[in-house]
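On a predicted model such as this, the values are computed, not experimentally measured, just so you know.
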Amino acid sequence: MNNNVINISFMNEKLLDTLYSNPKKVNDYIKNNPYDSRWLKEILDEPPFEARKQKIEDFNLKMATDGKYKSVELENAITLYEHIKDLPRYVLVDNRFWLWLEFDKLYRVAIQAMPLTTNTRLEYSWLFKEGKRGIWRNTFARGYFWVEFTVDEKREDKYELTRFVFDKTERIRNLTFDNKYRNIVLSTIRAEKDIYDKYNSNPEYKNTIERCEIGIETYNIYTYIRKALSLYGSVRILDFMSEEDLYKIVYEKLEKAVLEVHKGNIEYLKK
C-alpha cells in the first residue's frame, strides 16, 4: 500500500480560461506531448495548479497494455473511488479538481482513457464544456460517480452492482446523465440486477433478456426504465421515496417489459 499523503490541487482559473479559448492549440499540444504535461507552463506565466488543504493517500491508475482502456476502466474507477471518496462534496463536483487529475496527476492515463479522436472530445470530455453536466462525459469523473452510486455495503461483495453496470454501461449511463439522486440510481440498479439474474438464468428467457438489452432501434430495456421513471416522477417525488418502494416500482416495470418482449412485443420498449 502507498502510504504517501499528498494535497489535492485545482487547475488555475487563468489556465482554464486559456484552455477554453484555444481548443485547437490545446489539442495539438496533447497529441504532441503524450508523456507529460510540462507544455502547460509554455502557455501560462504562473503555476498551472493550486494546492488545496485537503489531503489524500497518493495513488496511481493503470494503463491498458493492449491500448484498450475498457479493460482497466472498472479497476481504475474503484481505485479512484477508494482514494477520493472522503473529499468534501464541493470538491468532487468542481471541474477544476478533475482538470488537475487529468492534466497533471493522471495525464498519461487520461490520454488513453479519452483519446482525442473527434473534434469535440477535448471540449466536452476534458474541459467540461457543459459545466457540471460534463462530469458524465469525463471518463474519470463519470467512473468515480458510477462507483459511488452503486457501491452497496449490504452485499458481501460491495462492488457487485458496480461490476454489473461497468459490464454494460447502458445499465447506468442514462440514469446518471439525467442527474438522478443516488437512492434512485441504486434502487434501480438493484432491480435491474435481480431481473437480469432471474431471467438470464432461465433457459426459456435467456434469449428474451438478450433481446431486451439489445432492444429495437435506439430503444432497450434501460432506456425504457429511464423514461418510465421520469413519467412516474412527474406525478410523485422520487427523491423522498424509500429505497424499498423505489426498488419495487422499478422491479415491477422491468418485469412487465421482459414478459411483453417474451411474448414477441418488443415494441413495448418504445413506450
Trainee: Hey, are N7 and K55 close enough side-chain-wise for a donor-acceptor pair under 3.5 Å?
Mentor: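 Judged by distance alone, the side chains do pair up.
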Trainee: Looking only at atom types and distance, does a side-chain atom of N22 sit under 3.5 Å from a main-chain N or O of T18, one as donor and one as acceptor?
Mentor: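 Such a contact is found between N22 side chain and T18 backbone.
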Trainee: Taking all heavy atoms of H262 and all of T208, pick out the closest pair and write down the distance.
Mentor: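 Here H262 and T208 meet closest at ND1-OG1, 2.7 Å.
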Trainee: If you measure from the Lys or Arg side-chain nitrogens to the Asp or Glu carboxylate oxygens, is any gap between R96 and E50 under 4.0 Å?
Mentor: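 Looking at R96 and E50, the cut-off is not met.
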Trainee: Between K227 and Y222 (side chain of the first, backbone of the second, donor and acceptor by atom type, cut-off under 3.5 Å), is there such a pair?
Mentor: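 Not confirmed, K227 side chain does not pair with Y222 backbone.
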Trainee: When you measure from the centre of the six-membered ring of Y205, is the NZ or CZ of K198 closer than 6.0 Å and no more than 45° off the axis?
Mentor: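 The answer is no; the distance or angle limit is not met.
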Trainee: Okay, side chain of N138, backbone of S125: is any donor-acceptor separation there less than 3.5 Å?
Mentor: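 Yes, because the side chain of N138 sits within donor-acceptor range (under 3.5 Å) of the backbone of S125.
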Trainee: Look at the aromatic rings of W39 and Y29 and report parallel, tilted or perpendicular, splitting at 30° and 60°.
Mentor: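 Geometry flag for Y29 against W39: parallel rings.
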Trainee: State plainly whether the residues D194 and R190 are in salt-bridge range, i.e. N to O under 4.0 Å.
Mentor: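 Between R190 and D194 there is no salt bridge, as every charged N stays at least 4.0 Å from the carboxylate O atoms.
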Trainee: Quick one: do the T79 and N76 side chains pair a donor with an acceptor below 3.5 Å?
Mentor: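 T79 vs N76: no donor-acceptor pair found between side chains.
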Trainee: Assess whether a salt bridge exists between E123 and R137, defined as any Lys/Arg side-chain N lying under 4.0 Å from an Asp/Glu carboxylate O.
Mentor: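 R137 and E123: not salt-bridged.
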Trainee: Output yes when R182 and E148 qualify as a salt bridge under the 4.0 Å nitrogen-oxygen rule, no when they do not.
Mentor: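 Looking at R182 and E148, the cut-off is not met.
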Trainee: Is a side-chain N or O of Y196 found less than 3.5 angstrom from the main chain of I209, in a donor-acceptor match?
Mentor: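 No, the answer is negative, given that no donor and acceptor are paired below the 3.5 Å cut-off.
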Trainee: Cation-pi check, R142 to W146: give yes when NZ or CZ is under 6.0 Å from the six-membered ring centre and within 45° of the ring axis, no otherwise.
Mentor: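 Yes - R142 lies over the ring of W146, closer than 6.0 Å to its centre and within 45° of its axis.
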Trainee: If you draw a 6.0 Å radius around NZ in K70, do more than 12 non-hydrogen atoms from other residues or ligands fall strictly inside?
Mentor: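 More than 12 heavy atoms, drawn from other residues, nucleotides or ligands, come within 6.0 Å of this atom.
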Trainee: Between D28 and K24, is there a salt bridge with N-O shorter than 4.0 Å?
Mentor: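 Salt bridge present between K24 and D28.
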Trainee: Salt bridge check, R171 against E192: does any charged N sit closer than 4.0 Å to a carboxylate O?
Mentor: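 No, E192 and R171 are not salt-bridged.
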Trainee: Quick check against the 3.5 Å criterion: does W100 have a side-chain atom that pairs as donor or acceptor with the backbone of P48?
Mentor: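 No; zero donor-acceptor contacts below 3.5 Å.
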Trainee: Just checking F10: does its CZ atom have more than 12 heavy atoms from other residues, nucleotides or ligands closer to it than 6.0 angstrom?
Mentor: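 Result for CZ/F10: enclosed.
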Trainee: Of all heavy-atom pairs between Y20 and L127, which one has the smallest distance, and what is that distance?
Mentor: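 Heavy atoms only, the tightest pair is OH-O, 2.7 Å.
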Trainee: Once rounded to the nearest 0.5 Å, what's the spacing between atom CZ of F145 and atom CD1 of I172?
Mentor: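 Interatomic distance, F145 CZ to I172 CD1, rounded to 0.5 Å: 11.5 Å.
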Trainee: Salt bridge or not for K154 and D152, using N-O below 4.0 Å?
Mentor: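 Here K154 does not pair with D152 in a salt bridge, since their nearest N and O are not under 4.0 Å apart.
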Trainee: So does E260 pair up with K271, basic N to acidic O under 4.0 Å?
Mentor: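 Answer for the salt bridge query: no.
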Trainee: Between S71 (side chain) and K68 (backbone), is there a donor-acceptor pair under 3.5 Å?
Mentor: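 Yes, S71 side chain to K68 backbone: donor-acceptor pair under 3.5 Å.
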Trainee: Is it the case that the ring center of Y268 lies less than 6.0 angstrom away from the ring center of Y224?
Mentor: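 Distance test on ring centres: under 6.0 Å, yes.
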Trainee: Does T118 use its side chain to pair, donor to acceptor, with the backbone of R121 at less than 3.5 Å?
Mentor: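 Side chain of T118 to backbone of R121: a pair is present.
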Trainee: Taking the basic N atoms (NZ, or NE/NH1/NH2) and the acidic carboxylate oxygens, is any pair closer than 4.0 Å for D17 and K14?
Mentor: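 Salt bridge flag = no for K14 with D17.
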